[in-house]
Engineer: 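I have a structure I would like to understand better, so I am pasting it below and will then ask my questions one at a time.
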Amino acid sequence: MTEQDEKPFLQLVVCAAGVAAGVGKLITAAQERHWEVGVTATPVALGGFFDAGAVEAQTGRPVRSAWRTPADPRPFPAPDAVVVAPATFNTLNKWAAGSADTLALGTLCEAYGLGVPIAVLPCVGDALAAHPAYRASLERLRAMGVRIGAPYTGEADESGRRPDFGWERALDLLERPGAGS
């Protein structure tokens, strides 16, 4: 058994939000907490929202975005936990509705069915967060046991500076059963 196989496996789902460029911070934090990490990206996120090559070098695994064929080997072990960060309006609504039309959404729907702990860091602007479908989706996900962190809108403060995304909060949510908002 390799050292990689002995560590718990964290499946990280990355959505298309500007802060996705900082996903390496979450990977580093997870690795420091002794997680092995694999990344699945939404198709749009993979189109330039983060440096997939850097993520592959950091995790030692391919970034996934498309379904594998039945003949292809599974590139990741079964997850011990899943983090969705940044989690966008579209992904959260489609996941809550049970849509699995991308690998990222299929991963999330399946993780729930397997009873895998899931932590979410929403990254949704105030205008979209006001939509009733979004509020209903968060309620449904919470009822499913998904641990949801405080929302990040990316709004600049009085000085014009945007706050940090706070990637490590996702790991904190996983480590505190019942945590989240």
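Keep in mind the model is a prediction, meaning the values are calculated, not measured. We number each residue from 1, following the sequence as shown.
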Engineer: Can you tell me if Ser65 uses its side chain to pair, donor with acceptor, with the backbone of Ala41 under 3.5 Å?
Structural biologist: yes
Engineer: Can you tell me how far apart CG (Leu141) and CH2 (Trp95) are? Round to the nearest 0.5 Å.
Structural biologist: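 Answer rounded to 0.5 Å: 5.0 Å.
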Engineer: Within the side chain of Arg140, is there an N or O that forms a donor-acceptor pair under 3.5 Å with the backbone of Ala96?
Structural biologist: yes
Engineer: Measure the CZ-CG distance between Arg68 and Leu103 for me, rounded to the nearest 0.5 Å.
Structural biologist: 10.0 Å
Engineer: Do Asn93 side-chain atoms and Phe89 backbone N/O form a donor-acceptor pair below 3.5 Å?
Structural biologist: yes
Engineer: Keeping the roles fixed (side chain from Arg142, backbone from Arg147), state whether a donor-acceptor pair exists under 3.5 Å.
Structural biologist: no
Engineer: Set out, in order, the CA-CA distance, both residues' side-chain angles and the distance that settles side chain to side chain contact (heavy atoms under 4.5 Å, CB included) for Leu10 and Leu171, then state yes or no.
Structural biologist: CA-CA 10 Å; Leu10 178 66; Leu171 300 173; 3.9 Å; yes
Engineer: So is Arg169 actually on top of Phe165's ring, under 6.0 Å and inside 45° of the axis?
Structural biologist: yes
Engineer: Grouping I, L, V, M, F, W and Y whenever their side-chain heavy atoms are under 4.5 Å apart, do Val37 and Phe76 come out in a common cluster?
Structural biologist: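 Per the 4.5 Å side-chain linkage, Val37 and Phe76 are not co-clustered.
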Engineer: When rounded to the nearest 0.5 angstrom, what is the spacing between SG in Cys15 and CG in Leu92?
Structural biologist: 7.0 Å
Engineer: Just wondering, are more than 12 heavy atoms of other shown residues or ligands nearer than 6.0 Å to CZ in Arg33?
Structural biologist: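 Buried by this count: over 12 neighbours within 6.0 Å.
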Engineer: State which residues pass ring-ring contact (aromatic ring centres under 6.0 Å, His included) with Phe49; sequence neighbours excluded, sorted by chain then number.
Structural biologist: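 In terms of ring-ring contact (aromatic ring centres under 6.0 Å, His included), with neighbours along the sequence ignored, Phe49 is linked to no residue.
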Engineer: If you measure from OG1 on Thr107 to CD on Gln11, what distance do you get to the nearest 0.5 Å?
Structural biologist: 5.5 Å
Engineer: Distance from Leu12 atom CG to Arg64 atom CZ, nearest 0.5 Å?
Structural biologist: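 The distance works out to 13.5 Å.
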Engineer: Could you tell me whether a side-chain N or O of Asp51 sits under 3.5 Å from a main-chain N or O of Gly53, the two making a donor and an acceptor?
Structural biologist: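 Side chain of Asp51 to backbone of Gly53, a donor-acceptor pair under 3.5 Å: yes, one is there.
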Engineer: Report all side-chain donor-acceptor pairs from residues 20-29 shorter than 3.5 Å, counting only partners two or more places apart or in another chain.
Structural biologist:
residue: Thr28; atom: OG1; partner: Gly24; partner atom: O; Å: 3.0
residue: Thr28; atom: OG1; partner: Gln58; partner atom: NE2; Å: 2.7

Engineer: Nearest 0.5 Å, please: how far is OH in Tyr134 from CD in Glu139?
Structural biologist: 11.5 Å
Engineer: Treating Glu56 as the side-chain partner and Val63 as the backbone partner, does any N or O pair qualify as donor plus acceptor under 3.5 Å?
Structural biologist: yes
